[in-house]
2 protein chains.
Amino acid sequence: MAARHEEIAEELRQAIDREDYTVGSLLPAETELAAHYGVSRGTVRQAVAALTAEGLIGSRQGARRVVLAGRRSQSFTELCSFAQWAHTMGREASGHVLSSAYRPATPEDSARLQLPPGAPVLHILRVRGLDGERVLLERTVYAHWIAPAVERIEPGCPSVTQRLYEDEGLVFAYGEHLIDAVAAGAQDAELLGVRRTSPLLRVRRVTTTREGRPVEWSDDRYRSDAVSFSVHNSTGINALARKTGPAVS
Amino acid sequence: MAARHEEIAEELRQAIDREDYTVGSLLPAETELAAHYGVSRGTVRQAVAALTAEGLIGSRQGARRVVLAGRRSQSFTELCSFAQWAHTMGREASGHVLSSAYRPATPEDSARLQLPPGAPVLHILRVRGLDGERVLLERTVYAHWIAPAVERIEPGCPSVTQRLYEDEGLVFAYGEHLIDAVAAGAQDAELLGVRRTSPLLRVRRVTTTREGRPVEWSDDRYRSDAVSFSVHNSTGINALARKTGPAVS
DNA sequence: TCCGGCTACTTGTCTGAACAAGTTGGGCCT
DNA sequence: AGGCCCAACTTGTTCAGACAAGTAGCCGGA
């Protein structure tokens, strides 16, 4: 937290959280904030841009910024590991590896992980819990260049992401997530302790290093009674497109 | 598309889509792009910041930017109506109102829509289709100040959002979405044409005007075999936090 | 050969300024 | 009273420059 604009963003977040600015009220003007914090307008703009991206405040040309949301939930647009996520909610994450095996990469594997076809990839089946209750079933495929480090981790490690950072300096920086719902199969039901055909929230994801190199891809199934995701969004430039663009069917 | 930085962002998006820059390759340096487009570095930075937010490219201090994703899917972080969404996928949206009734606002309604308790709110039950196939069941509650305009819309209108813009100049600018999975109930099953207990993707959302005024909130249930959502994300400052912060359990 | 440091390059941060474009509210005119 | 217009305010866009901080590749020494 060295950058001044991040400090200011954090102060504003806390002020909103404290309800110094209530939902629906207006933020001070950029020039006022700039004078208050003793920085230039550009720096203030960087700070409020962050809050806008998070969906905390709304922005339009000519009008003061408005506070949209108060309590800040763990948003999906912030990538973090299961253990981190649990931590921010004040709960304790656990994990347990059920199976671990090398197989040659299928065409799907090599496409997603940008590997040559047939390269050995590590398949891991892992159950994860929140405060001891099983909530998530992970079927993960790791690229061969990280697989040995993954194998070295003990089966009950609560945060694989954390361990890979500590041991290898590997940071999971980017993710793409595909979300849908599926019915629990026989294996899902048994391992998660739910009835067959129970609805599960499925997240298929690919995770990438800071260099843009894919590390793993995974099929994660969450017990929908225990977990849900939140997403903030906005039209951005789309409002303009809707004004001038062709009619939408 | 007046702003120069948006034009540049769009050109870069198309270049990535055309695979002038393939996935995993490096983008030109900011100074090169600035010289190429004849703008200052700040303008280029705005353009690439947009692509970074969309998850198309990755960025780290000291190293050139890297292309992360190629084909651009309809991301969840772009708020758009069901009809717009269908349009971008080249499919045709339809809609049909099944019931419409005023009720006094429950405490939940008044909290979500920022209305006085007991204000009349309009409940609408609507089935929506993609190319004629039923895929979505919407249970929406509209605030009293927009309800008359909603009632005036014919029951078969494919895009309520579009109509509210045309008739009232109302733009849905911000949204908050809560995503989970549920089993289809009796009514869900009948209206969507699926078996009871089929998994459905549920999205509970609140939509807000540009001024930050809540317009509607809705419980949307999607047939999970027909629809899925995608989300890009990144660690942002979290990579730093992970370095210096306390151990994560 | 391998490891170290050094250097050139690249992105991140911040400033101060100027103008464009949109919003809001008050005052004036009808 | 109602409606219109304008003026003050606010955010959006863009520029040019300076320095900080991190990366990657080159080169030399052990």
Side-chain angles (χ1 to χ4, degrees), chain A residues 1-10 12 25-53 57-68 169-171 173 209-213 234-240 243-244, chain B residues 1-10 12 25-53 57-68 169 171 173 209-213 234-240 242-244:
Chain A
M1 183 91 76
R4 194 78 182 95
H5 69 86
E6 284 184 12
E7 288 178 13
I8 294 171
E10 187 53 33
L12 290 174
S25 67
L26 299 177
L27 237 56
E30 288 178 0
T31 50
E32 286 175 57
L33 290 172
H36 181 323
Y37 291 108
V39 298
S40 75
R41 195 163 75 102
T43 304
V44 169
R45 285 181 65 77
Q46 271 188 278
V48 294
L51 302 210
T52 305
I57 62 180
S59 211
R60 21 174 218 151
Q61 191 172 31
R64 297 255 291 274
R65 271 170 254 262
V66 62
V67 179
L68 292 175
L170 185 73
V171 175
T209 66
R210 287 184 295 184
E211 292 87 22
R213 199 177 183 193
S234 63
T235 47
I237 60 163
N238 289 36
L240 195 65
K243 276 181 200 168
T244 59
Chain B
M1 180 91 75
R4 192 79 182 95
H5 70 84
E6 286 185 11
E7 289 178 14
I8 294 170
E10 186 54 34
L12 289 174
S25 68
L26 300 177
L27 238 54
E30 289 177 3
T31 50
E32 287 176 55
L33 289 172
H36 182 323
Y37 291 108
V39 297
S40 76
R41 196 166 74 103
T43 304
V44 169
R45 283 183 65 78
Q46 279 190 75
V48 295
L51 302 210
T52 305
I57 62 178
S59 211
R60 350 168 245 161
Q61 190 172 31
R64 297 254 291 275
R65 272 170 254 263
V66 63
V67 179
L68 292 176
V171 176
T209 67
R210 286 183 297 181
E211 293 87 25
R213 201 176 181 194
S234 63
T235 48
I237 61 164
N238 289 37
L240 195 65
R242 200 173 296 166
K243 276 182 198 167
T244 60

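Please read all numbers here as calculations on a predicted model, not as lab measurements. Below, chain A is the first sequence line, B the second, and so on; all start at residue 1.
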Anything under 3.5 Å between a protein N or O and an N or O of nucleotides 20-24 of chain C, put it in a table, one pair a line.
from, atom 1, to, atom 2, distance (Å)
C:dG22, N2, A:Gly62, O, 3.2
C:dT23, O4', A:Gly62, O, 3.4
C:dT24, OP1, A:Arg60, NH2, 2.8

Original post:
By side chain to side chain donor-acceptor pair (under 3.5 Å), which residues pair with A:Ser25, not counting sequence neighbours?
Top reply: none

**OP:** Could you check how far CG of A:Leu51 sits from P of D:dT11, rounded to whole Å?
**Re:** 13 Å

Original post:
What's the shortest heavy-atom distance between B:Val66 and A:Glu211, and which atoms?
Top reply: CG2-O, 3.6 Å

**OP:** Please list, chain by chain and in numerical order, all residues satisfying side-chain contact (heavy atoms from CB on, under 4.5 Å) with A:Leu12, sequence neighbours excluded.
**Re:** A:Ile8, A:Tyr21, A:Leu33, A:Tyr37, A:Val48, A:Leu51

**OP:** List in chain and number order the residues that pass salt bridge (charged side-chain N to carboxylate O under 4.0 Å, His left out) with B:Glu32, two or more places apart in sequence or in another chain; answer none if no residue qualifies.
**Re:** none

Original post:
Roughly, in whole Å, what's the span from CD in B:Glu6 to P in D:dT13?
Top reply: 6 Å

Subject >> Residue list, side chain to side chain donor-acceptor pair (under 3.5 Å) with B:Arg64, at least two apart or on another chain >> reply: none

Original post:
So, is B:Arg64 near the phosphate of C:dG12, with a side-chain N or O under 4.0 Å from OP1 or OP2?
Top reply: no

**OP:** Would you mind reading off the distance between A:Ile8 atom CD1 and C:dC14 atom C1', rounded to a whole angstrom?
**Re:** 11 Å

Subject >> B:Arg4 vs D:dT14: side-chain N/O to OP1/OP2 distance below 4.0 Å >> reply: no

Subject >> All salt bridge (charged side-chain N to carboxylate O under 4.0 Å, His left out) counterparts of B:Arg41, not counting sequence neighbours >> reply: B:Glu30

**OP:** Residues of residues 29-47 of chain A with any non-hydrogen atom less than 4.0 angstrom from an atom of DNA chain D: list those, numerically ordered, please.
**Re:** A:Ala29, A:Glu30, A:Arg41, A:Arg45

Original post:
In whole Å, what is the span from the NE2 atom of B:His5 to the P atom of D:dC15?
Top reply: 11 Å

Original post:
A:Ser59: what forms a side chain to side chain donor-acceptor pair (under 3.5 Å) with it, not counting sequence neighbours?
Top reply: A:Arg65

Subject >> Residues that B:Gln61 engages under side-chain contact (heavy atoms from CB on, under 4.5 Å), provided they are two or more places apart >> reply: none

